[in-house]
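Below: one structure, written as structure tokens.
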Amino acid sequence: MKVNTADIVISAASRKQYPNQPIPEIALAGRSNVGKSSFINKMIQRKNLARTSSKPGKTQTLNFYIINDKFHFVDVPGYGYAKVSKKERAKWGEMMEEYFAEREQLKATALIIDVRHKPSEDDQAMYDYLKHFDVPVMVIATKLDKIKKGQRHKQLKMIQEVLEMEEEDTLIPFSSETGEGKDKAWKAMLSHLQV
């Protein structure tokens, strides 16, 4: 997939701010600090369209990016970061539920997980949550360059088992450093987007 244009459209805090074009969307979900911004930047070959931050929990809105004027990437707030107040977390929860439950343009979600670690309870809850709303899921196992080649199979199998992944959901090993897995990720996304 060749990305010619990619721009941020809006950082939306509620449904009334969502873009109203009837174009398909892929949501990007994951724990704070898992590398969602790096994933977006690698996929679109831009250094810093999505801002990476050393402070986890920085994304507190739904960030809509328009790609090639054909579809949106929607970066949702990272979860599982302890320094955010309960009230703030509840607010994010409501905002995300409204999006995942009601957004007709949403075609699939890329759930980004660190391949080095067992999926957290939050990761498991997010996967189950997406399945509850019948949202197709692609699990992107990122930071692949940080583990030895011989460990890959074991780590990927463990992710599948812990999440109890359903057969129709794809698991894609990915590295934002080397670009490995990028073509597979695009192929999976485009199969849902049908653009």
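Worth knowing before you read on, the calculation uses all heavy atoms, side chains too, and leaves out hydrogens, waters and symmetry mates.
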Worksheet item: Is the closest side-chain heavy-atom distance between F71 and Q194 below 4.5 Å?
Response: no

Fill in: Nearest heavy-atom neighbours spanning L111 and D123
CD2-O, 4.1 Å

Discussion item. Nearest 0.5 angstrom please: L156 CG to Q151 CD, how far?
Written reply: 11.0 Å

Worksheet item: Within a strict 4.5 Å, meaning less than it, do heavy atoms of the P19 and I10 side chains meet?
Response: yes

Practice prompt. Verify side chain to side chain contact (heavy atoms under 4.5 Å, CB included) between M126 and Y129, making sure each step is shown before the conclusion.
Written response: CA-CA 5 Å; M126 189 70 201; Y129 181 74; 4.1 Å; yes

Worksheet item: Just how far is it from atom OG1 of T142 to atom CZ of F39, taken to the nearest 0.5 Å?
Response: 8.0 Å

Item to complete: To the nearest 0.5 angstrom, please state how far the CD1 atom of I113 sits from the CD1 atom of I140.
Response: 10.0 Å

Worksheet item: Does the separation of the ring centres of F174 and W186 fall below 6.0 angstrom?
Response: no

Fill in: N68 (side chain) donor-acceptor with K70 (main chain) under 3.5 angstrom
no

Worksheet entry | Residues that K157 engages under salt bridge (charged side-chain N to carboxylate O under 4.0 Å, His left out), provided they are two or more places apart | E161

Discussion item. Please determine whether side chain to side chain contact (heavy atoms under 4.5 Å, CB included) holds for the pair F73 and K36, giving the CA-CA distance in whole Å, both sets of side-chain angles, and the decisive distance to 0.1 Å.
Written reply: CA-CA 11 Å; F73 274 169; K36 281 189 295 151; over 6 Å; no

Worksheet entry | Residues D7, V9; criterion side chain to side chain contact (heavy atoms under 4.5 Å, CB included); working and verdict | CA-CA 6 Å; D7 293 290; V9 180; 5.9 Å; no

Discussion item. Treating D169 as the side-chain partner and M138 as the backbone partner, does any N or O pair qualify as donor plus acceptor under 3.5 Å?
Written reply: no

Worksheet entry | Residue pair I172 / A188: nearest heavy atoms and the distance that separates them | CD1-CB, 3.8 Å

Practice prompt. Count the heavy atoms of every other residue, nucleotide or ligand shown that sit under 6.0 Å from CD of E164, and state whether that count exceeds 12.
Written response: no

Worksheet, complete the sentence: One should read off an interatomic distance between F133 CZ and D128 CG, to the nearest 0.5 angstrom, of 12.0 Å

Discussion item. Are E98 and Y18 packed together at the side-chain level, in the sense that at least one heavy-atom pair is separated by less than 4.5 angstrom?
Written reply: yes

Discussion item. Please list all pairs meeting salt bridge (charged side-chain N to carboxylate O under 4.0 Å, His left out) that have one or both residues in residues 174-193, counting only residues at least two apart or in different chains.
Written reply: R152-E180

Discussion item. If I compare all heavy atoms of L62 with all of P77, which pair ends up nearest, and what's the gap?
Written reply: CD2-CD, 4.0 Å

Discussion item. For K146 versus R116, what's the shortest heavy-atom pair and its separation?
Written reply: CB-CD, 3.6 Å

Practice prompt. List the atom of R31, the atom of S120, and the distance in Å for their closest heavy-atom pair.
Written response: CD-OG, 3.5 Å

Response to the item:
Here the gap from K107 atom NZ to L193 atom CG, rounded to the nearest 0.5 Å, amounts to 9.0 Å

Practice prompt. Any chance you could lay out the side chain to side chain contact (heavy atoms under 4.5 Å, CB included) test for K131 and V137, step after step, and finish with the verdict?
Written response: CA-CA 8 Å; K131 298 312 293 181; V137 183; 4.0 Å; yes

Item to complete: Of all the heavy-atom pairs spanning V34 and K143, show the shortest one and how long it is.
Response: O-CE, 3.4 Å

Response to the item:
OG (S176) and CE (M43) are apart, to the nearest 0.5 Å, by 9.5 Å

For residues 20-29, which side-chain donor-acceptor pairs fall under 3.5 Å, sequence neighbours excluded?
{"residue": "E25", "atom": "OE1", "partner": "Y99", "partner atom": "OH", "Å": "2.8"}
{"residue": "E25", "atom": "OE1", "partner": "R103", "partner atom": "NE", "Å": "3.0"}
{"residue": "E25", "atom": "OE2", "partner": "H72", "partner atom": "ND1", "Å": "3.3"}
{"residue": "E25", "atom": "OE2", "partner": "R103", "partner atom": "NE", "Å": "3.3"}
{"residue": "E25", "atom": "OE2", "partner": "R103", "partner atom": "NH2", "Å": "2.6"}

